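What you are looking at is a predicted structure, and each value in this text was computed from that prediction instead of being measured. Here is how names work: the chains are called A, B, and so on, in the same order as the sequence lines, proteins then strands, and each is numbered from 1.
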Amino acid sequence: MNDDGTTEGEAIRDFIREAIRADLSAGRHETVVTRFPPEPNGYLHIGHAKSICLNFGIAREFAGRCHLRFDDTNPTKEEQEYIDAIQADVRWLGFDWGTHLYHASDYFERLYAWAERLIGDGKAYVDDLSADEIREYRGTLTEPGRESPFRNRPPEQSLDLFRRMRAGEFPDGARVLRAKIDMASGNINLRDPVLYRILHAHHPRTGDAWCIYPTYDYAHGQSDAIEGITHSLCTLEFEDHRPLYDWLIENLPVPSRPRQYEFSRLNLTHTVLSKRRLVQLVREGHVGGWDDPRMPTISGFRRRGVPAAAIRDFISRLAITKSDSTIEIAMLDHCIREMLNKTAERRMAVLRPLKVVIENYPEGKKEELEAVNHPERPDVGTRRVPFSREIYIEREDFMEDPPKKFFRLAPGREVRLRFAYFITCRDVVKNAAGEVVELRCTYDPETRGGNAPDGRKVKATIHWVDAEKSIPAEVRQYGHLFGRPDPGAGGDYLADIDPQSLETLAGCRLEPSLADAAVGEAVQFERLGYFCADPDTAPGRPVFNRTIGLRDSWAKAAAKG
RNA sequence: UGGGGCGUGGCCAAGCGGUAAGGCAACGGGUUUUGAUCCCGUGAUCCCAGGUUCGAUUCCUGGCGCCCCAGCCA
């Protein structure tokens with residue numbers, strides 16, 4: 001099975017790929033060329049991953065190519081930091097644009113020349129109206145717009161003005177270049193859309209070479225045509241722009257005629273995916289940064305320990321359609337767990353330690369027990385875990401007065417220590433406040449490795465670490481950033497941030513083999529979940545992030561009562 | 001009384017006139033040295049109303065509902 005969910009020879013079917021097959025078999029194209037066109041005004045998130053997987057995936061399936069093109073037409077919002085991060089994220093996701101790295105700004109000179117041509121053809125004009133006036137003249141959704149008084153000025157005059165706009169003679173907002181289409185169109189995008197605006201701003205790539213910049217509508221389709229893009233895939237909100245996209249292609253001497261197709265964007269429960277909101281979360285410090293593990297950004301997932309393959313698998317299960325949809329976050333969680341279950345090695349770690357003294361275990365005795373690294377993959381081998389008279393177990397694996405369905409340790413009860421021995425709880429030691437601070441247990445030497453020669457069973461197996469040899473660590477447990485599936489539905493989405501989405505635990509104890517875990521590499525802490533070392537890890541000071549917890553039917557049952 | 005889309009089980013989604021795939025979730029049950037994994041099993045007549053047809057989720061008509069568009073953002 002490939003990680004796009006298909007098996008060898010099985011073609012993915014959706015309306016876009018069907019259209020491509022039709023174009024290919026009709027001979028309209030020989031090769032398929034797609035492009036992923038991010039605007040460098042923020043970090044990539046999982047919604048972008050859908051577009052990336054679609055565009056690069058199609059290029060791969062049809063033996064074509066996919067370009068990475070920065071849609072850098074608005075210097076007031078774009079930054080080099082984003083340009084760099086976007087490239088790193090696309091690569092990390094597993095895609096390669098080869099030599100096809102482009103920028104809309106690479107085409108500024110050509111776009112400008114075509115704009116002059118449009119003016120000469122009487123198909124564009126310089127408008128002196130202010131932004132507010134243009135809005136008034138535009139009309140409303142139900143009323144047609146009115147023509148600007150400058151609409152029919154002579155082409156020579158528009159041309160002169162346009163050249164002076166470029167020359168920097170006018171301040172921001174003084175004039176714009178507009179296409180002359182139809183002020184009465186039901187499609188507002190056709191009511192003489194703005195093609196160029198004056199922006200005295202420094203551009204990350206062109207510096208101060210320009211003070212007029214093309215709008216998205218003008219730059220995008222022409223960039224597609226210049227690059228020979230055959231299928232320009234974008235999200236539904238651009239559907240209304242297609243007539244304009246086509247109008248420009250038809251009225252300009254572009255080298256090719258790309259076609260635009262629209263599909264629905266990804267929505268996910270328990271998170272937000274709008275650039276505006278993600279920027280706000282970062283700028284206002286509601287999260288630690290773009291790569292905060294609770295962020296739905298590619299860099300956030302990476303830091304959290306989510307493998308790129310899990311993201312690709314998730315995307316492959318999505319359908320490319322035109323219907324609005326919101327995917328339950330449980331779907332993503334499932335893909336992460338499934339991937340990690342197959343790949344992550346197992347280790348033991350105790351997050352909330354409770355000391356256990358095994359009274360009949362000889363003082364000073366130490367031994368090492370063999371533990372498998374992956375129960376379903378013997379080839380991954382085994383490791384040795386130190387064991388002695390004093391160990392730590394998880395606090396929540398002991399209850400002094402357990403309900404009937406609780407199978408773990410309790411006074412007088414016997415359980416198995418994973419890979420070690422059966423132990424029985426004999427005594428509970430409490431502090432002055434009445435809190436349990438230590439357990440006194442006995443072990444059965446005959447059960448070494450975890451099986452009783454007499455065949456007796458225990459109802460639970462719990463994890464543990466050696467008190468002396470285990471290493472201290474900080475563990476950050478991450479949950480979904482928002483407590484409700486539809487953040488913002490109640491008004492302010494910021495109010496829906498779950499204050500417990502990050503729980504930092506100090507004083508956790510890890511089995512010694514975790515001392516040299518590689519940053520970002522996933523491991524399963526048995527019975528707890530998947531974790532990986534965070535970049536904040538310092539020598540002798542490990543910091544682990546919880547990528548995702550294991551499914552926990554006990555917690556679910558306990559919650560129900 | 002503008003234009004563009006969409007409407008199949010809780011969430012996605014196949015289906016392209018012949019009698020409703022699959023995934024996730026939920027709920028049962030089995031296996032298990034992770035209450036994990038794994039394995040079984042359980043649910044819809046397809047927004048509504050007419051019409052065409054031997055037969056419609058698939059075609060037609062009319063409703064209803066939801067989403068997007070009035071940035072010199074993308």
Side-chain angles (χ1 to χ4, degrees), chain A residues 5 13-14 18 37-39 41 71 73-74 76-78 127 129-131 134-136 138-145 172-178 184-191 193-199 212-213 215-217 219-220 234-243 262 264 269 275-276 314 317-319 321-335 337-338 341-342 346 348 371-372 375-376 405-408 416-420 422 447 449-451 457-463 485 524-529 549-558:
Chain A
R13 310 194 84 80
D14 56 58
E18 294 296 2
E39 181 190 11
N41 66 345
D71 227 326
T73 57
N74 185 355
T76 66
K77 291 186 176 174
E78 298 152 10
D127 196 346
L129 253 28
S130 69
I134 285 180
R135 189 179 318 119
E136 282 177 40
R138 186 153 34 225
T140 68
L141 294 178
T142 53
E143 299 159 18
D172 289 3
R175 289 176 228 269
V176 291
L177 180 71
R178 292 228 255 171
S185 174
N187 182 344
I188 291 179
N189 293 298
L190 262 22
R191 320 243 261 228
V194 171
L195 266 25
Y196 270 90
R197 72 283 213 198
I198 300 171
L199 249 29
I212 58 172
Y213 291 91
T215 56
Y216 162 86
D217 282 314
H220 199 84
C234 62
T235 43
L236 250 31
E237 65 271 28
F238 293 103
E239 208 154 19
D240 288 344
H241 295 240
R242 193 171 62 224
E262 312 84 12
S264 61
T269 63
K275 221 98 156 284
R276 198 207 109 236
F314 169 67
R317 300 185 192 217
L318 266 25
T321 68
K322 293 174 81 87
S323 47
D324 292 313
S325 62
T326 300
I327 307 299
E328 291 176 339
I329 197 77
M331 176 74 123
L332 210 208
D333 291 345
H334 171 265
C335 293
R337 287 196 186 96
E338 186 177 75
N341 174 53
K342 283 188 282 198
R346 267 105 245 234
M348 289 197 285
V372 301
E376 290 155 33
K405 303 290 274 298
F406 185 84
F407 305 147
R408 281 108 93 149
R416 171 167 42 230
L417 291 179
R418 174 136 242 230
F419 304 126
F422 284 10
T447 57
N451 284 306
K457 305 290 186 196
V458 287
K459 297 203 74 174
T461 298
I462 64 174
H463 58 97
Q524 182 194 98
F525 287 177
E526 295 227 19
R527 301 209 308 131
L528 296 174
L550 254 29
R551 292 185 65 178
D552 190 348
S553 59
W554 159 244
K556 190 188 283 187

Participant: Using atom C1' in both nucleotides, what's the gap between U57(B) and A20(B) to the nearest angstrom?
Facilitator: 8 Å

Participant: Please figure out whether R197(A) or R13(A) has its closest RNA chain B nucleotide nearer the 5' end.
Facilitator: R13(A)

Participant: Please measure how far the P atom in G22(B) lies from the corresponding atom in A44(B), and state the result in whole Å.
Facilitator: 13 Å

Participant: Checking I134(A) now: which residues fulfil side chain to side chain contact (heavy atoms under 4.5 Å, CB included) with it, not counting sequence neighbours?
Facilitator: D127(A), L129(A), R138(A), V176(A), R178(A)

Participant: Please confirm whether any donor atom in the side chain of H241(A) sits under 3.5 Å from an acceptor in the base of A74(B), or the reverse.
Facilitator: yes

Participant: With a 4.0 Å limit, can you tell me whether S553(A) has a side-chain N or O closer than that to the phosphate oxygens OP1/OP2 of A36(B)?
Facilitator: yes

Participant: How far, in whole Å, is G7(B) from G18(B) if one measures between their C1' atoms?
Facilitator: 24 Å

Participant: Taking CG from D240(A) and P from C69(B), how many angstroms apart are they, rounded to a whole number?
Facilitator: 9 Å

Participant: Only Watson-Crick and G-U wobble pairs, only distances under 3.5 Å, only runs of 3 or more: what stems does that leave for RNA chain B?
Facilitator: B:2-7 with B:64-69, B:10-12 with B:22-24, B:26-30 with B:38-42, B:47-51 with B:59-63

Participant: What integer number of Å spans the P atoms of C40(B) and C59(B)?
Facilitator: 36 Å

Participant: If anything within 90° of 0 is syn and all else is anti, what is G71(B)?
Facilitator: syn

Participant: Rounded to whole angstrom, note down the P distance from G3(B) over to C46(B).
Facilitator: 30 Å

Participant: For a quick test of reading the model: is some side-chain N or O of R138(A) closer than 4.0 Å to OP1 or OP2 of C72(B)?
Facilitator: yes

Participant: Report yes if the ring of Y216(A) lies under 5.5 Å from the six-membered base ring of A74(B) with planes under 30°, and no otherwise.
Facilitator: no

Participant: Which whole number of Å gives the distance between the C1' atom of G15(B) and that of G9(B)?
Facilitator: 15 Å

Participant: Under 4.0 Å, counting only non-hydrogen atoms across every strand here, what does F238(A) touch: a base, just sugar-phosphate, or nothing?
Facilitator: base

Participant: Look at R135(A) and G71(B) and indicate whether a side-chain polar atom (N or O) is within less than 4.0 Å of OP1 or OP2.
Facilitator: yes

Participant: What is the distance, rounded to the nearest whole Å, between atom CD of E262(A) and atom C1' of C6(B)?
Facilitator: 13 Å

Participant: Taking only N/O atoms, report every protein-nucleotides 24-27 of chain B pair under 3.5 Å with atom names and distance.
Facilitator:
residue : atom : partner : partner atom : Å
C24(B)  : OP1  : H334(A) : NE2          : 3.3
A26(B)  : OP1  : K556(A) : NZ           : 2.7
A26(B)  : OP2  : R551(A) : NH2          : 3.0
C27(B)  : OP1  : K560(A) : NZ           : 3.0
C27(B)  : OP2  : K556(A) : NZ           : 3.4

Participant: Output yes when at least one side-chain N/O atom of T73(A) is less than 4.0 Å from OP1 or OP2 of C73(B), else no.
Facilitator: no

Participant: Could you work out the separation of U58(B) and A21(B) based on their C1' atoms and round it to a whole Å?
Facilitator: 16 Å

Participant: With hydrogens left out and only the distance checked, is there a donor-acceptor pair under 3.5 Å joining N187(A)'s side chain and the base of G4(B)?
Facilitator: no

